[in-house]
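Letters A, B, ... mirror the listed sequences (proteins, then strands); counts begin at 1. For clarity, every value in this text was computed on a predicted model and none was experimentally measured.
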Number of protein chains: 2
Amino acid sequence: MSEPINILLAEDEPALGQIIKESLETRNFKVLLCENGQIAYDAYLKEKPQLLVLDVMMPKKDGFTLAKEIRMEDDTIPIIFLTAKSQTQDVVEGFTIGGNDYLKKPFSIEELIVRINNLLDRTKLQKNSEVLIIGDYIFDFPKQTLQFREEASIQLTHREAHLLFHLMKNKNEVLDRSLILNKLWGTDDFFAARSMDVFITKLRKKLKQDDSIQIVNVRGFGYKLIC
Amino acid sequence: MSEPINILLAEDEPALGQIIKESLETRNFKVLLCENGQIAYDAYLKEKPQLLVLDVMMPKKDGFTLAKEIRMEDDTIPIIFLTAKSQTQDVVEGFTIGGNDYLKKPFSIEELIVRINNLLDRTKLQKNSEVLIIGDYIFDFPKQTLQFREEASIQLTHREAHLLFHLMKNKNEVLDRSLILNKLWGTDDFFAARSMDVFITKLRKKLKQDDSIQIVNVRGFGYKLIC
DNA sequence: AACGAGTGTTAACTAGTGTTAAGCGATTGG
DNA sequence: CCAATCGCTTAACACTAGTTAACACTCGTT
C-alpha cells in the first residue's frame, strides 16, 4: 500500500468534523482537523497537506478567504469547500477555481470520497509534463512557445506564457482574476487588471486558429479556458 | 440485478402507505415510508433517495411545501405527487415542475410504477452531457455558445447560459420561478425577478430562429421550455 | 552614449453585461 | 367589466471587460 494522503479538514462544528475525520481515516487518509480558518492556515504552513477540505462558514476566518491565502502559497493544491445550502450558485462557482470543488451540506461521506479521489487524480495528471496540448496547439511552457499543427512555433513572452500556463492548469474551470493578478503581478489593483486584460486579448489572438479553444470571461470572477 | 432504487414515500394515511410500500418492494424498490412532511424532510436529508412520492394533503407539512424545500437542495430529483381529486387541475400542473409528475387518487399501483420508471429514465438521460440539443440549436454550456444549424455560434453571457441550462434540464416541464431565482440570484425579491424577466426576453430573442422552441410562462409558477 | 528590438504598462476609447426603471400588455378573480 | 396582479419589453444606467496605441523601461549591440 502506498503512503496515506494527508488531508487538512477545517470544520468548526466539532461533531461533524469528527465524523468526517473518522470516516476518512477508515479509508486510509490521514486527517488533520482544525476548528477554524486561522488555525487551519497555520496548520497548512506546518504540515503542507496534499488536499484541503474547508467549511465555508467558520469563525475567525471563512473558507473562501482561507483558500485565497493558501492559493498564494500553492496554486495547485486541490480544495473542496463544504457549503451551506444558502450559498448562491454564482458565488460558489466563482470559487470553484484552480482544482477546487464544492459539496453542499448535507452530503454523504461517499460523495466526499468520490470528489477527493477525482481531484487527486486530476492533479496527479497535471504535474508530469510542462509541455501541454491545447486543442490543435502544442504549448511548451519552459521554451515559451506555441505551435499550431505543423506550422512554425510562435514565441510567447514571459507574461503570456505564465498566464496561459495558469489557464491551462485550470482548463475548463474558472480561474480567479484576483488570484492570478496577485500571483503574476503581485497586486490586483486597477492597473494590473487593465494589463491583464491586454494579455488576455493577446492570448486570444494567438489561440484563434483553433476555434474550439476559447477564453471565456465569467463576469466578476475570472476566466475559463475551454478546450 | 442492479442496485435497488431508493424511494421516499410520504403518506399520512397508514393503511394506504403500507400498501404502496409493500407493492413497490415486490418490484425491487427500497421504500422508506414517512407519515408526514416534516418527518419526510428529515428522512430526505439523511437518506438521499433517488425519487420521492409525496402525498399532497398531509399534516405538519404538505407535499407541495415539502417539494419546494427539497428542490432547494436538489433540483433534479424526480417527484411524484399523490393528489386528491379535489385538487384543481391548475395548481397541480403548476407544481409539475422539474422532473415532477402527479397521480390522482385513487390510482392503481401499476400506474404508479409506470410513472416511476418514466421519471427515472428521463433523469438518467439528462445527466450525461453538457452539450445540449435544443431543436435546431446546439447549446454548449461550458463554452456558453448557441449555434443555429450551420451558422456561426452566438456567444451567451454567463447568466444567459445558466438560465438556459436550467430550462433545458427541465425541458417540457415547469421550472419554478423562485427556485431558479434563489439558485442563480441568491434571492427571489422584486428586483431579481425583474432581472430574470429581462433574461427570459433575451433568451427568447436568441432562440426565435427555431419557432418550435418556446419559453412558455406558467403564471404564478415559472417557465416551461418547449422543444 | 546612442540605438533599436523586445516587453510590459498606462491611457483612452469602445464594447459588453447585468440591474433598475418605467410603461405597456395579458390574465385572473371579483 | 374592472381592478389587481403578474409578466413582457425597451431603454437608461453603472460597472466590468476588451482593444488599440502610445509610452516607458530593459537589455544587448554598436
Next item on the list: Measure the distance from CZ on B:R204 to P on D:dG7 and round it to the nearest whole Å.
Entry: 11 Å
Check: Would B:E160 and B:K206 pass as an ion pair if we require N to O under 4.0 Å?
Finding: yes
Margin query: Given D:dT20, C:dG8, C:dT20, identify the nucleotide with an atom nearest to the side chain of A:R159.
Written below: C:dG8
Notebook entry, point to check: Of all the choices, D:dG7, C:dT20, D:dT16, which nucleotide is nearest to the side chain of A:R219 once you look at every atom?
Noted result: D:dT16
Next item on the list: In whole angstrom, give the distance that lies between atom CD1 of A:I200 and atom P of D:dT20.
Entry: 15 Å
Note to self: If we count only N and O atoms by modelled type, under 3.5 Å, do the side chains of A:K143 and A:S153 hold a donor and an acceptor together?
What the structure shows: no
Checklist line | d(CG, B:D188; C1', D:dC6) in whole Å | finding: 15 Å
Check: For B:E35, does the CD atom have more than 12 heavy-atom neighbours from other residues, nucleotides or ligands under 6.0 Å away?
Finding: no
Check: Base, sugar-phosphate, or nothing for A:T157, non-hydrogen atoms under 4.0 angstrom?
Finding: sugar-phosphate
Next item on the list: Take atom CD of A:Q214 and atom C1' of D:dA17, then tell me their distance rounded to the nearest Å.
Entry: 16 Å
Check: Would you say D:dT16 has OP1 or OP2 under 4.0 Å from some side-chain N or O of A:R177?
Finding: no
Note to self: How many whole angstroms separate atom CZ of A:F199 from atom P of C:dT10?
What the structure shows: 11 Å
Notebook entry, point to check: Once the angle between the rings of A:F81 and A:F64 is folded into 0 to 90°, is it parallel (under 30°), tilted (30 to 60°) or perpendicular (over 60°)?
Noted result: perpendicular
Item checked: C:dT9 OP1/OP2 closer than 4.0 Å to side-chain N/O of A:W185 -> yes
Check: Does OP1 or OP2 of D:dT10 have a side-chain N or O of B:K205 closer than 4.0 Å?
Finding: yes
Note to self: Closest-nucleotide mapping onto DNA chain C: is B:F191 or B:K202 further toward the 5' terminus? I mean the 5' end.
What the structure shows: B:K202
Check: Do the side-chain N or O atoms of B:Y223 get closer than 4.0 angstrom to the phosphate oxygens (OP1, OP2) of D:dC6?
Finding: no
Margin query: Over all strands shown, is B:F190 touching base, sugar-phosphate only, or nothing at heavy-atom distances under 4.0 angstrom?
Written below: nothing
Checklist line | Value in whole Å for how far the P atom of D:dG7 lies from CG of B:L181 | finding: 10 Å
Check: When you check the gap from the basic side-chain N to the acidic O, do B:K60 and B:D12 get nearer than 4.0 Å?
Finding: no
Notebook entry, point to check: Which nucleotide sits closest to the side chain of A:T201: C:dT9, C:dA21, D:dG18?
Noted result: D:dG18
Item checked: Nearest-angstrom distance from the residue atom NZ of A:K208 to P of D:dG18 -> 15 Å
